[in-house]
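First up is the structure itself, then whatever we jot down about it.
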There are 2 protein chains.
Amino acid sequence: MTAQRRPGKSPSIEMVARQAGVSIATVSRVVNGVSKKASADTTERVRRVIAELGYRPSGAGSALRSRQSRIVALLVPGAASAYMAAVAAAVEAALRERQKVMILCDTAEDANIQDDYLLEMRAQMVRGMVMLGAVDSPVLTQFLDEGEPLVFVNRKSPGGPGGGFVGIDNLQAGADIAAYFVERERLPCAVIHADPSSSATAERLTGFRRHMKREGIKLPASAIKTYPSVDHLEIGYRGAVALLQNGRVPRSIFCASDLIAYGAHRRCRELGLAVPEDVLLFGFDDNPLNDWVAPWLDTVHVPYETFGTAVVDLLDTIWAGTQTQPAPEILLPHKMVLRA
Amino acid sequence: MTAQRRPGKSPSIEMVARQAGVSIATVSRVVNGVSKKASADTTERVRRVIAELGYRPSGAGSALRSRQSRIVALLVPGAASAYMAAVAAAVEAALRERQKVMILCDTAEDANIQDDYLLEMRAQMVRGMVMLGAVDSPVLTQFLDEGEPLVFVNRKSPGGPGGGFVGIDNLQAGADIAAYFVERERLPCAVIHADPSSSATAERLTGFRRHMKREGIKLPASAIKTYPSVDHLEIGYRGAVALLQNGRVPRSIFCASDLIAYGAHRRCRELGLAVPEDVLLFGFDDNPLNDWVAPWLDTVHVPYETFGTAVVDLLDTIWAGTQTQPAPEILLPHKMVLRA
DNA sequence: TGATATAAGGAAAACGTTTACCTAAACTTA
DNA sequence: TAAGTTTAGGTAAACGTTTTCCTTATATCA
């Protein structure tokens, strides 16, 4: 057992003040860039001492006093999935540029966990909460009501009005895919999707259907497979098992995510079906691995890398306080990626 | 422009105290489970008020006073990669059970960014810092020196002694792969790996080489390809390009990560080589997508799902204060996954 | 010149906790 | 019964900021 050495302490504002021969008020003002309150000389001197000592305002101290921490929370359902990770990385990077840090919470699509985290985040006085794939929950509705700074990503607010939104035009994307199927004469077609309670999935589907209807094409119920499971790979596999029975093979399948397409592809492989020759698989998200392990996949590229700055821009707008009447919304451009 | 509504406030300890007719000290003691300080009645009454009001101690208030927040930091190089995300998810889940939350920092393998984050985390008074793939940096060494609670994952401390470690026995795993190549008569073999400054990569490699040497097998320098790039897919591809020239085809390639194997596989596909018939590809990590999109890949399964509890157990040990003289270390079991 | 505005900066209160110290009552024990 | 001990709980001092008042000195203006 070694001598118990307590971790080092960061220098406090008081040390900086003493060292620079000014009051702590002045140091605080220099740090926070309160102009017209310190002469150029003083500012310079304080800055130098700050650099020398490696001073950084204590998160707890400033949060306590100003009721706002330097932290933003990101709540995701399932942190391990590729696209969540992509968004998380993008948001983290964008926050870093604004000198903020990110708490990551995994809600596992569970309303109770989500509520627990929401309350904890308020207790942490986070400056904002970013909801990636939010579910409907009492506290979420309450927070929306109370004007908590919320930004929804991909899936729109399931808890009533309020909050910003960052995503793509899912309706249009769905229609684009339908148009592509028609144009390439890939009919009859089928669809495999996950729980459509997510606005993203629902809108992709609606867009797809609307376009088909406009073209006078009927989608029989048997051509649309949906499963409640959380695992998209499994959904894709089971969907393909159901669709590809008795030698019936649609000319194309719209899979609502790349992972669903991966699952469907496995079944195709098992059945000896060539993709895309026998059946065209169309995914969604554009997993960065596609080029390497799924060159047979057509998909919609969602620019997750750019979601980060969009989210933070929205937060800035909200923080600025001049709430725009309609909740601020940023739609980013998607793009079809046709590999097959 | 709507009326500016400030976000709701959480109830404070003072409200709880008043409501329950006790002092705030008593409430604090109940919350923190200080026994022998409140009667069963009082405890019960306070508990009820807390539940009613939905009280949660303010993170800032308690952090400021006790010099410890409820936050643990996870520093990763590249948050978007699958295995980082897997570890992040596991750590997050394990922390949740201990009523802690996780800040996620992406260092991009950059020593300056890492240092900046380390200092910011100290300013946030985080309870511990988990380094996934740490790089050597001045502040890291300083923190190790000062006894900051650090746990290294996968890649051992590059900043001197100290800190806990969670990972697998990379030496053994490397040897296992070599043994497999020998046993299956998959010689000559080759290796593609990324920057070996990471202890994980270095040890895998060493284990592999040692076993080969023990078997009396020479690995010519030309059979070992390494590239400094950060992108493992690219590394794998370029490695395969270099290895598979002039019709020379090794019987097996040990790729130091699954992504490297994906990259190599792409080149094999381009050359019309069958995997594993013509050349066996052996990866590392066991990406969860393997079953679906890379059924040709043999790999080592690293139980990232279990890293979370291991990390938090280690933190608990460190927090308990009775520092074990040799830094605590947890080695988790790996497993070969032979699909091919 | 006197009045007034502005610049520069200090003193001190408050934010919500935790905890060392104190007190008073209720039990022991000799 | 007196002295000591335990139990239950209150008081108040930090913790490190930010910010509202002040104060003083200097510049501006009529």
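Residue numbers begin at 1 in each chain, while the letters A, B, ... track the order of the sequences.
Atoms CD1 and CE, on B:I103 and B:M121 in that order, are 4.5 Å from each other to the nearest 0.5 Å.
A close approach under 4.0 Å does not occur between any side-chain nitrogen or oxygen of B:T42 and OP1 or OP2 of D:dA8. Residue A:S39 places none of its side-chain N or O atoms closer than 4.0 Å to OP1 or OP2 of C:dA7.
Rounded to whole Å, the distance from CD on B:E14 to P on D:dT11 is 12 Å. Rounded to whole Å, atom P of C:dG16 lies 12 Å from atom CZ of B:R18. Between the CD1 atom of B:I13 and the P atom of C:dC15 there is a distance of 14 Å, given to the nearest Å. Rounded to whole Å, the distance from CD on A:Q68 to C1' on D:dT19 is 14 Å. Atom NZ of B:K36 is separated from atom C1' of D:dT7 by 9 Å (rounded to the nearest Å). Atoms CG (A:D41) and P (C:dA8) sit 10 Å apart, rounded to a whole Å. In this entry the distance linking CE of A:M125 with P of D:dG16 reads 16 Å, nearest Å. If you measure from atom CZ of A:R67 to atom C1' of D:dG16, you get 16 Å, rounded to the nearest angstrom.
The backbone N or O of B:A89 sits nowhere less than 3.5 Å from a side-chain atom of A:D106 that would complete a donor-acceptor pair. Checked by atom type and distance alone, the side chain of B:D110 pairs as donor or acceptor with a backbone atom of B:N112 at under 3.5 Å. The backbone N or O of A:V34 lies less than 3.5 Å from no partner atom in the side chain of A:R29, so there is not a single donor-acceptor pair. Proximity of a side-chain donor or acceptor of A:R127 to a complementary backbone N or O of A:S69 within less than 3.5 Å is detected.
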Can you give me the N/O atom pairs linking the protein to nucleotides 25-29 of chain D at distances under 3.5 Å, or say none if there are none?
none

Between protein and nucleic acid, restricted to nucleotides 19-24 of chain C and to nitrogen or oxygen atoms under 3.5 Å apart, what atom pairs and distances do you find?
unit_1	atom_1	unit_2	atom_2	d
C:dT19	O4'	B:R65	NH2	3.4

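In summary, A:E92 and A:R96 do not engage in a salt bridge, as defined by a charged side-chain N under 4.0 Å from a carboxylate O.
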Next item on the list: Might you work through the side-chain contact (heavy atoms from CB on, under 4.5 Å) test for B:Y117 and B:M129, ending with a clear yes or no?
Entry: CA-CA 10 Å; B:Y117 269 134; B:M129 313 186 195; over 6 Å; no

Ignoring hydrogens and angles, write down the donor-acceptor pairs under 3.5 Å from the side chains of residues 154-163 of chain A, residues two or more places apart or on other chains.
unit_1	atom_1	unit_2	atom_2	d
A:R155	NE	A:S198	OG	3.4
A:R155	NH1	A:E109	OE1	3.3
A:R155	NH1	A:G133	O	3.4
A:R155	NH1	A:A134	O	3.1
A:R155	NH2	A:E109	OE2	3.3
A:K156	NZ	A:E203	OE2	3.4
A:S157	OG	A:G159	N	3.2
A:S157	OG	A:G160	O	2.6

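Here the side chains of A:D116 and B:R56 are in contact, with some heavy-atom distance below 4.5 Å.
Ranking C:dG16, D:dA8, D:dG16 by closeness to the B:S58 side chain, first place goes to C:dG16.
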